[in-house]
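Working notes, structure below.
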Amino acid sequence: MTATTSIRTSPQKTFSDWANRHRKWLFASPAMIIVGLLIAIPLVWTIYLSLTNSEGSVRSEHDFIGFDNYAEVFADFDRFWPAVWRTFLFTGGVLIVELVLGMAIALLLWRPFRGERWVRVAILLPLVATPVAVGMMWKLIFDPNIGFANQMLAFFGIPAQPWLSGELTALPTLMFVDIWQWTPMVVLILLAGLTSLSDEPDEAARIDGANSWQRFWFVTLPLMRSTVIVAILLRSIDALKTFDILYATKGKGGGSFHEVETLNVYAYGLSFDYNDYGVASAVLIIFFLLIIAIMWAITFRRKEKASK
Amino acid sequence: MTTTLSPSATLPAPRPTRRRKPLRSRAYSWFRAAALVLIVLVFILPLAWMLLSSFKTNVDIYDVAKTLVFTPTFDNFANVLGRDNYFQFIFNSAWIAFASTALSLLVGVPAAYVMSRFSMGKSAAVVLLARIIPGVSLLVPWYFIFANLRMVGDYSVLILSHMFVALPLIVYIMMSFFDSLPEDLEESAQVDGLTPIGAFLRITLPLSTPGIATAGILSIIFSWNNFMFALVLSGANTKTLPVAIFNFVSYASIDWGGLMAAAVVVTVPIMVIALFTQKYIVSGLTAGATKG
C-alpha cells in the first residue's frame with residue numbers, strides 16, 4: 001500500500017488525497033457509528049434501567065435502586081429459573097437433533113445424483129419461510145381436533161395428542177418446528193464443508209481397507225471439525241434467542257402455564273406486555289452475559305484445539 | 001491434443017470413470033433414493049398443507065375426507081386482502097426491507113472492504129457483536145428513546161431497527177467475499193494511475209456484484225421475515241406483514257382458512273424470490289463456513 005502512494009511524485013493537499021490516505025476509517029466509520037448508536041447506547045441504557053425501578057409508562061419517573069432487581073430475579077423460582085432451564089433445554093435439544101440429522105442429510109446429498117436440484121429447493125423452502133407464518137402453519141397441523149398430526153395418528157390407531165396445547169407437549173412440539181425449519185441451515189453449512197474437502201484422505205483410508213462408517217468417523221468427521229463448530233455457533237446463537245415461533249403460537253407469557261416461556265419470551269413479556277422495564281432489563285443483562293459466556297466457551301475451545 | 005495426428009485422436013474419448021461408484025452397492029442407492037424422497041416430503045408437505053388449507057372453506061378444513069379433494073375457494077384470500085389495509089402492510093414490509101437493505105449495503109460494503117483488506121479484526125467483532133445480542137435488550141431502550149421523541153410508528157424507526165439485522169449480515173458476507181477476491185487487481189489498477197478509492201470503485205466494486213447480490217437478497221429475506229422489532233415499533237399504518245398476521249390470530253382464532261391465506265400471502269413472495277436466487281442464498285448462508 002505504501003509503495004503505491006509513493007509513486008505519486010507531488011503529494012497534493014486535496015480532498016481526494018486526504019480521503020485516500022484515510023480510507024480505512026472513512027470507509028469503516030459510517031457502519032461503526034450506526035452499529036454503535038444502535039448497540040452501545042441501548043446497551044448502556046439497559047444496564048442503567050436494570051438498576052432502577054422503572055415501570056409503567058416510558059415517560060414516568062423512576063428511582064435508582066441498585067441491585068434490587070437482580071436480587072429479585074435470582075430469587076424468582078416461579079418464572080426466571082424455569083425460563084433459564086427451558087432456554088437450555090430448547091437450545092441443547094434442537095442443536096443435537098439438528099446436527100445429527102443435518103450431518104446425515106448432508107452425507108446423503110454429498111455425491112452427485114439425479115434430481116439434486118429438487119432436493120436442494122425442498123430444503124431451502126423452510127429456511128426462507130416467514131417464522132410467524134410457519135408458526136401458524138404448524139398450529140393448524142397440530143390442532144388437537146382438526147390437525148393433520150392427529151389425523152395421521154388416528155390412521156395408525158394412536159390416540160390424539162394435545163401437542164401445542166398440552167403443558168408437557170408444547171415445548172417438545174415447538175422444538176420439532178424449530179428442527180423442521182433450521183436443520184436445512186445445518187445441512188447447507190455441512191454440505192459446503194464436505195464439498196471443500198479433498199478426496200485424498202478418504203481414498204487412502206479406503207485403500208487401507210476402512211469401511212464407510214470407519215472412514216466417516218475417523219477421517220471425514222475430524223476434517224469437518226471447524227465446519228461443525230461454525231454450524232454449532234450459528235445455530236446456538238439463534239436458538240438461544242428464539243422468539244417468533246414461540247410467541248406467535250403461544251402468545252403472552254408462553255402459554256397459560258408459561259410452558260414455552262424461554263428467557264427471550266420472558267424478557268419480552270416483562271418489557272412490553274407488563275411494562276416492568278427495570279426487572280426486564282436485569283433479566284436481559286443476565287441473558288446477554290450468558291450468551292457471551294457460551295459463545296466465548298465455544299470459540300475458546302476451538303482456538304485451544306487449533307493451537308495443539 | 002487435437003492438432004496431433006496420432007491414431008488415438010480418431011477414437012472416441014474414454015468414458016469418464018466415477019471413482020466412487022464401484023464400492024457402492026445397489027442396496028445403498030435404493031436406500032439413498034428412499035431417504036431423499038422422505039426428506040423432500042418432510043420439508044414440503046407442511047407447506048403444501050398450508051397452501052391447500054388456504055383454498056378451503058372452514059367447513060372443509062374440519063372434514064378429513066376432504067383432505068385432498070375439495071372445491072377450491074378464493075374467499076379466504078378475498079377476506080384477508082379486503083380486511084383493514086392488507087395491501088398497505090404488504091407495501092410496508094417491502095419498503096422497510098428494501099430501504100434497510102439499501103442503506104446497509106451503502107455503509108456495510110465499504111466497511112467490509114477495509115475490514116477485510118486491513119484485517120481490522122476488532123472493528124469487525126464490534127459489528128458482528130450485533131449478531132449475538134438478543135434483539136429485546138436493544139428494543140427496550142429504543143422504545144424509550146423513540147417513544148419520548150414520539151417517533152414510534154415512523155418508517156424511519158422501523159428501517160433503522162431492521163438495519164440492526166441487515167448490517168452485521170452484510171458485513172459478514174461481504175468480508176468473506178472480499179477475502180476471496182485477489183488484491184493484485186487493485187494494486188495493478190493503482191500502478192496504472194488509479195487512486196486506492198478509485199480502484200475500489202472502478203475495479204473491486206464491479207467484481208463484487210455476486211457478493212453484493214448475495215448479501216442484499218439475504219438481507220431482504222431476513223428483514224421481510226422479522227417479527228419482533230415491528231411488533232413493538234410499528235404503528236397502526238406501518239405494521240409489517242408478520243405483525244398483521246399475528247394480530248389476525250387474536251381476533252379470528254377460529255378462521256383457519258383466513259389465517260392460512262394470510263400465511264401464504266407473507267411466505268409466497270419471499271419463496272418465489274428465493275427460488276430464482278437459490279445460488280446466491282446458499283452461498284450467503286454458508287459464507288465463511290468452510291474456512292473455519
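Chain identifiers are assigned alphabetically (A, B, ...) following the order of the sequence lines, protein sequences preceding nucleic acid strands; residue numbering begins at 1 within each chain. Please read all numbers here as calculations on a predicted model, not as lab measurements.
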Just say parallel, tilted or perpendicular for the rings of B/Phe227 and A/Tyr247, cut-offs at 30° and 60°.
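Judged by the thresholds at 30° and 60°, the geometry between B/Phe227 and A/Tyr247 is tilted.
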For the pair A/His62 and B/Phe144, name the ring-plane relationship: parallel under 30°, tilted 30 to 60°, perpendicular over 60°.
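Perpendicular: the ring planes of A/His62 and B/Phe144 meet at over 60°.
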If you round to the nearest 0.5 Å, how far is OG1 of B/Thr267 from CE of A/Met137?
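Output value for this atom pair is 8.5 Å.
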From CD1 (A/Ile105) to CD1 (B/Ile39), nearest 0.5 Å
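Atom-to-atom, A/Ile105:CD1 and B/Ile39:CD1 are 4.5 Å apart.
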Pairwise side-chain contact, [X] with [Y], heavy-atom cut-off 4.5 Å (strictly under):
X: B/Gln278; Y: A/Arg117; result: yes
X: A/Asp238; Y: B/Arg131; result: yes
X: A/Asp143; Y: B/Trp256; result: yes
X: B/Leu36; Y: A/Phe113; result: yes

Any donor-acceptor pair under 3.5 Å from [X] side chain to [Y] backbone:
X: A/Arg23; Y: B/Pro196; result: no
X: B/Trp49; Y: A/Leu140; result: no
X: A/Asn20; Y: B/Thr195; result: no

Give, as side chain, backbone, both or neither, the part of [X] having an atom under 4.5 angstrom from any heavy atom of chain B.
X: A/Leu101; value: neither
X: A/Leu125; value: both
X: A/Met295; value: side chain
X: A/Thr195; value: neither
X: A/Phe148; value: both
X: A/Ile237; value: side chain
X: A/Thr46; value: both
X: A/Leu38; value: both
X: A/Asn145; value: neither
X: A/Met185; value: side chain

Of the backbone (N, CA, C, O) and the side chain (C-beta and beyond), which part of [X] lies under 4.5 Å from a heavy atom of chain A, both, or neither?
X: B/Ile221; result: side chain
X: B/Leu138; result: both
X: B/Ile44; result: side chain
X: B/Leu47; result: both
X: B/Leu139; result: both
X: B/Ile133; result: both
X: B/Ile281; result: side chain
X: B/Ser53; result: side chain
X: B/Val42; result: both

Could you tell me which of [options] has the largest number of non-hydrogen atom pairs under 4.5 Å with chain A?
options: B/Ala263, B/Ala33, B/Ser137; result: B/Ser137
options: B/Val282, B/Leu231, B/Leu275; result: B/Leu231
options: B/Phe31, B/Tyr113, B/Tyr143; result: B/Tyr143
options: B/Leu241, B/Ile270, B/Val107, B/Val268; result: B/Val107

Relative to chain B, which of [options] shows the most heavy atom pairs under 4.5 Å?
options: A/Thr130, A/Leu124, A/Val132; result: A/Thr130
options: A/Val35, A/Asp244, A/Ile189; result: A/Asp244
options: A/Pro30, A/Ala248, A/Pro42; result: A/Pro42
options: A/Phe272, A/Trp45, A/Trp118, A/Tyr48; result: A/Phe272
options: A/Ala192, A/Ala280, A/Ala40, A/Gly135; result: A/Ala192

Does A/Lys252, at its NZ atom, have more than 12 non-hydrogen atoms belonging to other residues, nucleotides or ligands within less than 6.0 Å?
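Result for NZ/A/Lys252: open.
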Count the heavy atoms of every other residue, nucleotide or ligand shown that sit under 6.0 Å from OH of B/Tyr280, and state whether that count exceeds 12.
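No.
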How close do [X] and [Y] get, counting heavy atoms only, and between which atoms?
X: A/Ala122; Y: B/Phe43; value: O-CB, 3.5 Å
X: B/Met271; Y: A/Ala129; value: CE-CB, 3.6 Å
X: A/Met32; Y: B/Met115; value: SD-CE, 3.6 Å
X: B/Leu167; Y: A/Ala31; value: CD2-O, 3.9 Å
X: B/Ile197; Y: A/Leu26; value: CD1-CD2, 4.5 Å

Check A/Phe287, A/Tyr268, A/Phe243 against B/Pro134 for a side chain to side chain contact (heavy atoms under 4.5 Å, CB included) and give me the one that passes.
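Result: among A/Phe287, A/Tyr268, A/Phe243, A/Phe287 is the only option passing the side chain to side chain contact (heavy atoms under 4.5 Å, CB included) with B/Pro134.
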Considering residues at least two apart in sequence or located in another chain, which fulfil the ring pair (Phe, Tyr, Trp, His ring centres under 6.0 Å) criterion with A/Trp182?
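Scan of A/Trp182 (ring pair (Phe, Tyr, Trp, His ring centres under 6.0 Å), adjacent residues dropped) gives none.
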